[in-house]
Amino acid sequence: MQVKHFLQLKDLEQSELDYLFKRARTMKQRLGKGELYQPLRAKTLAMLFEKNSTRTRVSFEVGMNQLGGSAMFLSPRDTQLGRGEPIEDVAEVISRMVDIVMIRTFEQDIVERFAAHSKVPVINGLTDEYHPCQILADIFTYIEKRGSIKGKTVAWIGDSNNVCNTWLQAAKILDFNMHIATPPEYEVEPERGESFESMHMECFSDPHDAARDADLVTTDVWTSMGYEDETEDRKQDFQDFRVDEEMMALAKPDALFMHCLPAHRGEEVSAGVIDGPQSVVWDEAENRLHTQKALVEYLLLGKIKEQ
């Protein structure tokens, strides 16, 4: 049987995503009732981190434990990657010893090359280009709170980064609309947006126009990991792109606010918004656990017939 990877959101079809959202809901409910569910006993997840993380490490490690398996944390100091061993060789070796691999790294090419030489499923825990696990959790959170996201409008305010790129893939697969507002020179790269029909993506120079009548407003830090030397310039360039109460007031009255965290109050979002009644950032963060458990189970065991 061909190994299935999750390197970009578009690696899964709509039916597969719908299944994961339903499965995540079931797992969350069962966990809330204290039910023990351990289908992955004796299974091991290797977690390769070249970028630091709080939510990614905790959610995958706890999730694997709850499913009855174990998770192994590997930093650059723990492997020969830091000493120049080819990624292909690392993949050949590690995938012979573990059952599934999650990688959080820089270039998308790294996870693609690893997966090409892996005998087990590989999950993209974040790259510079995409963050598919985050968007799984975000969309599941929206579904929990408001129902189907089909036909809705999501306003992305800020940098067209890896999270934004993944939202664009989701919009095409799940048939909802993206309003993208970025400062000049931070627009969506042509290769990310050229394949999307106009009904799925509309770009705005004024973030207030992007937020108008949106069902969901979401953003991220102005300076992503790896761009720290641009921090001061970005603060200047993004100063009009803060999601505040005035901007949220332009969205629909029941619009939600999301942020993948960590957040900088007073920069990309005001304290009044992220700590306000429309914010679901804590549910969103928790749901990384439930959606990733569903994902790992699916990649290892396929679809489960619920009793």
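Given the structure is predicted, the values throughout are model-derived calculations rather than measurements.
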**Q.** Test salt bridge (Lys or Arg N to Asp or Glu O under 4.0 Å) applied to Glu267 and Arg242, Arg234, Lys235, the passing residue
**A.** Lys235
(Q) Please determine whether side-chain contact (heavy atoms from CB on, under 4.5 Å) holds for the pair Leu295 and Leu136, giving the CA-CA distance in whole Å, both sets of side-chain angles, and the decisive distance to 0.1 Å. (A) CA-CA 9 Å; Leu295 173 66; Leu136 272 184; 4.3 Å; yes
Any heavy-atom pair between the side chains of [Y] and [X] that's under 4.5 Å?
X      : Y      : answer
Ser148 : Ile143 : no
Leu256 : Arg146 : yes
Tyr130 : Leu7   : no
Met248 : Val243 : yes
Met258 : Tyr142 : yes
Ser160 : Glu189 : no
Asp128 : Lys51  : yes

Is the closest basic N to carboxylate O distance between [X] and [Y] below 4.0 Å?
X      : Y      : result
Arg104 : Glu50  : no
Lys145 : Glu284 : no
Asp209 : Arg212 : yes
Glu88  : Arg113 : yes
Asp275 : Arg265 : yes
Lys252 : Asp215 : yes

Whether the [X] and [Y] side chains hold a donor-acceptor pair (N or O, under 3.5 Å, no angle test) is what I'd like checked.
X      : Y      : value
Gln134 : Asp138 : yes
Thr141 : Asp283 : no
Asn124 : Gln108 : yes

Atom pair [atom1]/[atom2] of [X] and [Y] - distance to nearest 0.5 Å:
X      : Y      : atom1 : atom2 : answer
Met178 : Met201 : CE    : CE    : 9.5 Å
Thr166 : Lys10  : OG1   : NZ    : 11.0 Å
His259 : Thr218 : NE2   : OG1   : 7.5 Å
Met47  : Ser75  : CE    : OG    : 11.0 Å
Gln292 : Leu299 : CD    : CG    : 11.5 Å
Glu112 : Ile103 : CD    : CD1   : 10.0 Å

Group every Ile, Leu, Val, Met, Phe, Trp and Tyr by side-chain heavy-atom contacts under 4.5 Å, then state whether [X] and [Y] land in the same group.
X      : Y      : result
Ile110 : Val90  : yes
Trp156 : Ile173 : yes
Trp282 : Val163 : no
Ile157 : Leu216 : no
Leu17  : Val296 : yes

Q.
With salt bridge (charged side-chain N to carboxylate O under 4.0 Å, His left out) as the criterion, how do Glu297 and Arg23 come out once you've worked through the C-alpha distance, each side chain's angles and the decisive distance to 0.1 Å?
A. CA-CA 9 Å; Glu297 179 194 59; Arg23 192 68 185 147; 2.7 Å; yes
Q: Decide if the gap between the ring center of Tyr298 and the ring center of Phe6 is smaller than 6.0 angstrom.
A: no
Q: May I ask you to check whether His179 and Phe204 place their ring centres under 6.0 Å from each other?
A: yes
Q: Check step by step if side-chain contact (heavy atoms from CB on, under 4.5 Å) holds for Glu129 and Asn162.
A: CA-CA 4 Å; Glu129 290 85 0; Asn162 50 1; 5.5 Å; no
Q: Can you sort out the partners of Glu245 under side chain to side chain donor-acceptor pair (under 3.5 Å), two or more places apart, ordered by chain and number?
A: Ser270
Where do [X] and [Y] come nearest, in terms of heavy atoms and distance?
X      : Y      : answer
Gln8   : Pro132 : C-CB, 4.1 Å
Met102 : Gly125 : SD-CA, 3.5 Å
Ala263 : Ile274 : CB-CD1, 3.4 Å

Q: Establish, for the pair Lys303 and Tyr19, whether the NZ or CZ atom is under 6.0 angstrom from the six-membered ring centre and no further than 45 degrees off its axis.
A: yes
Q: Using the six-membered ring of Phe73, assess whether NZ or CZ of Arg57 lies under 6.0 Å from its centre and within 45 degrees of the ring axis.
A: yes
**Q.** Derivation of the side-chain contact (heavy atoms from CB on, under 4.5 Å) call for Ile139 and Phe21
**A.** CA-CA 8 Å; Ile139 294 175; Phe21 297 140; 3.6 Å; yes
Q: Test Ile180 against Leu168 for side-chain contact (heavy atoms from CB on, under 4.5 Å), laying out the working first.
A: CA-CA 9 Å; Ile180 309 290; Leu168 286 171; 4.3 Å; yes
